Colleague: 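The structure is given below, and queries will be raised subsequently.
From a predicted model like this one, the values you see are computed outputs, not experimental measurements. What's counted below: heavy atoms across the whole structure, side chains too, no hydrogens, waters or symmetry copies.
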Amino acid sequence: MKIEQKIGTVALVVEDYDDAIAFYTEKLRFELLEDTDMGGGKRWVVVSPPNSTGTNLLLAKASNDEQRKSVGNQAGGRVFLFLQTNDLWRDYEFMKSQGVEFTEEPRVEEYGTVVVFKDLYGTKWDLIQLN
């Protein structure tokens with residue numbers, strides 16, 4: 001029997017559920033797939049890019065000092081997540097109009113066109129359109 005696996009969800013530690021939901025759904029146009037109250041102030045919040053069949057994001061609220069330290073720095077200052085698009089310029093212009101912070105201008109690389117942006121907490125992302 002063939003082994004089949006995939007990464008279904010990646011946890012992203014955030015300061016506040018509602019602020020994170022607003023950022024991802026309004027500024028990046030992600031879809032809110034689930035927002036379930038788990039009790040004790042904990043929620044199961046899942047967002048996904050529009051029309052995605054890939055990995056989802058679990059927005060996980062930091063619950064202790066160690067977790068709070070990782071908010072915005074989950075990859076030690078490197079790009080943490082890669083948002084692939086079929087139209088970089090459309091998404092870049094929309095995100096800019098929504099106040100998303102970009103650290104550079106879009107650039108053409110061997111593999112495609114890419115630009116780095118930050119989420120509301122400073123986590124770095126690549127917005128990328130592959131060739």
Side-chain angles (χ1 to χ4, degrees):
M1 183 158 136
K2 180 175 141 186
I3 295 175
E4 292 187 20
Q5 299 178 337
K6 70 176 185 176
I7 296 174
T9 305
V10 172
L12 182 66
V13 182
V14 299
E15 288 180 11
D16 180 83
Y17 291 118
D18 294 323
D19 290 346
I21 289 169
F23 177 85
Y24 285 99
T25 60
E26 296 169 15
K27 298 182 184 288
L28 303 188
R29 296 190 275 209
F30 280 27
E31 298 170 358
L32 178 61
L33 301 181
E34 185 173 357
D35 185 355
T36 302
D37 187 342
M38 306 292 288
K42 189 174 180 179
R43 291 159 56 185
W44 185 263
V45 178
V46 180
V47 296
S48 180
N51 302 309
S52 176
T53 58
T55 305
N56 299 322
L57 277 183
L58 173 68
L59 303 178
K61 184 177 177 181
S63 61
N64 60 43
D65 287 340
E66 185 176 349
Q67 291 175 11
R68 282 187 277 281
K69 288 178 191 174
S70 71
V71 172
N73 192 30
Q74 294 176 78
R78 295 184 61 117
V79 169
F80 180 55
L81 297 164
F82 299 79
L83 180 59
Q84 293 182 1
T85 180
N86 64 346
D87 188 334
L88 181 128
W89 291 103
R90 172 200 64 213
D91 295 338
Y92 172 72
E93 292 300 334
F94 175 80
M95 291 163 65
K96 272 182 60 174
S97 76
Q98 296 300 305
V100 173
E101 179 185 350
F102 288 86
T103 65
E104 61 184 5
E105 294 297 315
R107 64 185 191 283
V108 176
E109 298 289 350
E110 209 172 289
Y111 51 83
T113 305
V114 64
V115 62
V116 176
F117 71 93
K118 293 181 180 181
D119 73 7
L120 72 165
Y121 301 117
T123 299
K124 290 182 183 175
W125 289 64
D126 269 358
L127 176 64
I128 183 169
Q129 181 176 351
L130 299 172
N131 292 335

Colleague: Looking at side-chain heavy atoms only, is the closest gap between Thr85 and Arg90 below 4.5 Å?
Modeller: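 Sidechains of Arg90 and Thr85: in contact.
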Colleague: Are Val10 and Val13 linked, directly or through other ILVMFWY residues, by side chains that come within less than 4.5 angstrom of each other?
Modeller: yes
Colleague: To check you understand the geometry: which heavy-atom pair defines the closest contact between Lys61 and Gln67, and what is its length?
Modeller: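 For Lys61 and Gln67, the tightest heavy-atom pair comes out as O-OE1, 3.9 Å.
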Colleague: How close do Leu59 and Ile21 get, counting heavy atoms only, and between which atoms?
Modeller: CD1-N, 4.0 Å
Colleague: Taking all atoms of both residues into account, what is the closest heavy-atom pair of Lys27 and Gln98, and its distance?
Modeller: NZ-O, 2.5 Å
Colleague: Where do Leu57 and Thr9 come nearest, in terms of heavy atoms and distance?
Modeller: C-CG2, 4.2 Å
Colleague: So, the side chain of Lys124 versus the backbone of Gly77: is there a donor-acceptor pair under 3.5 Å, distance only?
Modeller: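 Yes; judged by distance alone, with no hydrogens or angles, the pair exists.
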Colleague: Applying a strict under-4.5 Å side-chain criterion to I, L, V, M, F, W and Y, I'd like to know whether Leu81 and Ile7 cluster together.
Modeller: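 Yes, Leu81 and Ile7 fall within the same hydrophobic cluster.
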Colleague: Examine distances only and state if a side-chain atom of Tyr17 and a backbone atom of Arg43 form a donor-acceptor pair shorter than 3.5 Å.
Modeller: yes
Colleague: Establish whether Met95 and Leu32 are linked, either directly or via other cluster members, by ILVMFWY side-chain heavy-atom contacts under 4.5 Å.
Modeller: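 Met95 and Leu32: one cluster.
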Colleague: Please report the C-alpha distance between Thr113 and Tyr92 in whole Å, then the side-chain angles of each, then the deciding distance to 0.1 Å, and finally whether the side-chain contact (heavy atoms from CB on, under 4.5 Å) criterion is met.
Modeller: CA-CA 11 Å; Thr113 305; Tyr92 172 72; over 6 Å; no
Colleague: Can you confirm whether Asn51 is buried at CG, in the sense that more than 12 heavy atoms of other residues, nucleotides or ligands lie under 6.0 Å from that atom?
Modeller: no
Colleague: Return the minimal non-hydrogen interatomic distance between Arg29 and Pro50, and the atom names on each side.
Modeller: O-CD, 3.3 Å
Colleague: Before we go on, tell me: are the rings of Phe23 and Tyr121 under 6.0 Å apart, centre to centre?
Modeller: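 That pair fails the under 6.0 Å test.
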Colleague: Please determine whether residues Val79 and Leu28 belong to a single hydrophobic cluster, defined as Ile, Leu, Val, Met, Phe, Trp and Tyr linked transitively by side-chain heavy-atom distances below 4.5 Å.
Modeller: no
Colleague: Do the side chains of Leu83 and Val100 join up, straight or via other hydrophobic residues, at under 4.5 Å, putting them in one cluster?
Modeller: yes
Colleague: Tell me, do Asp19 and Val14 make a side-chain contact under 4.5 Å, heavy atoms counted?
Modeller: no
Colleague: List the steps, then state whether side-chain contact (heavy atoms from CB on, under 4.5 Å) holds for Gln129 with Asp91.
Modeller: CA-CA 10 Å; Gln129 181 176 351; Asp91 295 338; over 6 Å; no
Colleague: Where does the angle between the aromatic ring planes of Phe30 and Trp125 fall among parallel (under 30°), tilted (30 to 60°) and perpendicular (over 60°)?
Modeller: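 Taking Trp125 first and then Phe30, their aromatic rings stand perpendicular (interplane angle over 60°).
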Colleague: How long is the gap from CZ on Phe117 to OG1 on Thr103, to the nearest 0.5 Å?
Modeller: 10.0 Å
Colleague: Begin with the C-alpha distance, continue with both residues' side-chain angles, and end with the deciding distance and a verdict on salt bridge (charged side-chain N to carboxylate O under 4.0 Å, His left out) for Arg107 and Glu109.
Modeller: CA-CA 6 Å; Arg107 64 185 191 283; Glu109 298 289 350; 2.7 Å; yes
Colleague: Of all the heavy-atom pairs spanning Ser52 and Thr55, show the shortest one and how long it is.
Modeller: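 It is OG-O, 4.4 Å.
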